[in-house]
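Lettering of chains follows the sequences in order, A, B, ..., and the numbering in each one begins at 1.
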Amino acid sequence: MPLSLTRKTLHDRRRSLAGWSLGLAGLVAVMCAYWPTIRDSSELRSFFQDLPEGLRAIVGDADYGTAAGYLDAELFSFMVPLLLLVVAIGMGARAIAGEEERGTVDLLLSLPVTRRRVVLEKVAGGLLVLSLLGAVLFVSLLVGAAAVDMDVPAGRLAGISLASVLVVLPFGALALAVGCATGRRGGAAGFAATAAVAAFLLETLGSIVPSLDGWRVLSPWNWYASDEVLRSGLALGDVALLVGVAAALAAVAIVAVERRDLGV
Amino acid sequence: MVGSAITTSALTKRYGRHTALDGVDLEVGRGEVFGLIGPNGAGKTTVMRILVDLLRPTSGSATVLGFDSRRDGVEVRRRVGYLPGELALYEDLTPARHLALLADLRGRPDIDPRPLAERLKLDLHRPIRALSKGNRQKVGLVQAFMHEPELLILDEPTGGLDPLVQHEFSTLLDEARARGATVFLSSHVLSEVERLADRVGLVREGRLVTVDDLGRLKARVTRRLDLHLAAPAPPNAFRGVPGVRSVERDGDRVTLVLTGSADAAVKEAARYDVVALTSREPDLDDIFLELYAGEAADAA
């Protein structure tokens with residue numbers, strides 16, 4: 001049957017998928033529950049508005065006066081992408097390097113399948129897992145926003161759910177590529193996590209430090225721009241960049257794993 | 001179909017400065033049971049992993065069933081059943097699910113592993129993480145045999161199997177041979193290969209030292225015979241008996257070093273009152289020493 005490995009990836013991740021879904025839904029529920037208090041408290045709002053500019057940049061240029069600004073600051077500038085990042089990097093690093101570390105690569109690749117197919121099927125599995133989490137996120141937002149009467153259109157909620165899945169793709173694909181090139185799962189995850197943190201710092205510090213400002217366009221977090229997505233919707237150019245970089249890294253992963261000795 | 005099942009030419013594998021395989025030329029005929037023996041780390045696993053394209057040779061090439069191991073890896077692996085030397089399985093699956101996954105990936109979801117599992121007494125429905133080493137090895141054997149491959153590449157196949165299962169395993173090999181399959185297996189124990197293989201290749205430190213018919217190889221090899229006699233043997237006992245290369249006496253104990261057949265020595269021993277008789281397996285190191293001594297003598 002086709003896509004056996006895609007189905008296996010889903011099967012393997014079913015428990016963690018359930019766990020992360022609960023986590024995401026819970027996080028959204030808690031943040032939505034606080035919204036009425038924030039909305040009705042002018043002191044809290046002015047507290048955030050009076051923060052120094054640098055600090056405000058780091059907490060996501062928080063605009064607590066609107067529901068969109070609140071969601072951006074509390075969920076999408078940091079927490080939600082972080083959770084999805086952990087999932088994406090874990091799956092990317094595990095795809096081939098995990099099989100090598102456990103030694104199961106010998107059985108898997110003594111079958112009449114190409115290495116390219118193994119990588120592609122696992123990528124498809126990873127994308128499905130992330131899409132499911134994105135869907136859970138969207139539904140939680142929809143329910144939460146309706147419950148506390150947030151003034152954010154469903155389309156924007158769909159957009160930001162999609163964007164927060166898309167922004168982790170380059171880093172998941174980077175973990176995949178490093179894992180495919182080296183066969184070291186821990187190293188691949190560490191490298192991709194470091195890259196994600198560095199890119200995040202570049203984006204946030206770049207908005208404060210003038211000399212870094214020009215480099216911000218290189219950071220996937222800059223293409224993500226959660227505040228703009230919530231305010232005015234997804235920008236196709238940014239989507240194309242995120243998807244394009246992820247796809248290019250996946251292609252690098254395939255080339256790397258095809259050239260190498262496995263499980264040594 | 002004529003031609004050989006496996007041909008390697010000048011197969012070499014280096015890792016940095018370490019040479020794992022050094023110019024191995026090997027030919028295994030179709031329908032043959034070929035045993036590769038050598039100490040651990042000699043390069044047996046390296047050869048096998050190159051044949052299924054998990055490793056790429058530094059130089060030289062390997063042809064398997066007429067296909068190049070690198071260029072036509074998928075075609076090779078379609079026709080091969082491979083048992084890894086260090087078998088690792090997906091721990092959270094049951095054997096049934098695991099074997100179904102492998103059959104699926106072979107594009108052969110129709111394969112039914114149950115008859116084989118039954119013969120090997122493998123419970124298909126306990127999670128693999130709860131299985132003993134022997135039972136895991138059975139999962140490995142089932143997946144290697146279940147699609148009736150043209151070529152079986154088995155790396156240390158009998159490790160961890162109890163004697164009853166070993167017997168079933170040699171029956172499986174006989175059946176595979178009967179339907180025309182080729183078997184390429186490895187071991188670090190000579191006696192194991194002895195019972196199964198037609199021809200053996202000896203590897204050491206990445207080189208194929210010799211390839212021979214098993215009967216002839218054993219004729220070249222020395223073994224020890226320990227005799228416990230009822231009374232001390234006379235000083236000239238066993239002198240000049242064909243095949244006896246040396247005699248050590250220690251009271252009523254006699255140790256003979258033999259080459260080839262033990263027949264003459266045993267018949268000679270029958271003249272005495274024998275309390276006990278033990279034949280010691282030649283170990284691999286003895287064989288290699290013997291072969292090297294032979295080569296050195298030939299060269300001189």
- prompt: Hey, are the side chains of B/Leu105 and A/Arg117 touching, using non-hydrogen atoms and a 4.5 Å cut-off?
  reply: yes
query: If you draw a 6.0 Å radius around CZ in A/Arg184, do more than 12 non-hydrogen atoms from other residues or ligands fall strictly inside?
result: no
query: Does atom CZ of B/Arg207 have more than 12 heavy-atom neighbours from other groups under 6.0 Å away?
result: no
message: Are there over 12 heavy-atom neighbours, none belonging to B/Glu86, within less than 6.0 Å of that residue's CD?
response: no
query: At what distance, to the nearest 0.5 angstrom, does CZ of B/Arg106 lie from OG of A/Ser4?
result: 12.5 Å
task: For chain A, find its close neighbours in residues 46-55 of chain B: heavy-atom separation under 4.5 Å, sorted by number, or none.
output: B/Arg49, B/Val52, B/Asp53, B/Leu54, B/Leu55
Contact origin within A/Arg115 toward chain B - heavy atom pairs under 4.5 Å: side chain
query: Taking only heavy atoms into account, what residues of residues 91-101 of chain B are found under 4.5 Å from chain A?
result: B/Asp92, B/Leu93, B/Arg97, B/His98, B/Leu101
query: Is the number of heavy atoms from other residues, nucleotides or ligands under 6.0 Å of B/Arg114 CZ greater than 12?
result: no
message: Just checking B/Tyr15: does its OH atom have more than 12 heavy atoms from other residues, nucleotides or ligands closer to it than 6.0 angstrom?
response: yes
field: Contacts of residues 179-186 of chain B with chain A (heavy atom under 4.5 Å)
entry: none
task: Indicate the atoms forming the closest heavy-atom contact of B/Leu102 with A/Leu111, along with that distance.
output: CD2-CD1, 3.6 Å
message: Between B/Arg56 and A/Leu262, is the side chain to side chain contact (heavy atoms under 4.5 Å, CB included) condition met? List the steps.
response: CA-CA 9 Å; B/Arg56 273 69 191 269; A/Leu262 293 182; over 6 Å; no
- prompt: Got a second to check how far B/Tyr90's OH is from A/Asp12's CG, nearest 0.5 Å?
  reply: 8.0 Å
- prompt: Got a sec: does the CZ of B/Phe169 have more than 12 other heavy atoms crowding it under 6.0 Å?
  reply: yes
- prompt: Looking only at heavy atoms, which of residues 94-108 of chain A get nearer than 4.5 Å to chain B?
  reply: A/Glu99, A/Arg102, A/Gly103, A/Thr104, A/Val105, A/Asp106, A/Leu107, A/Leu108
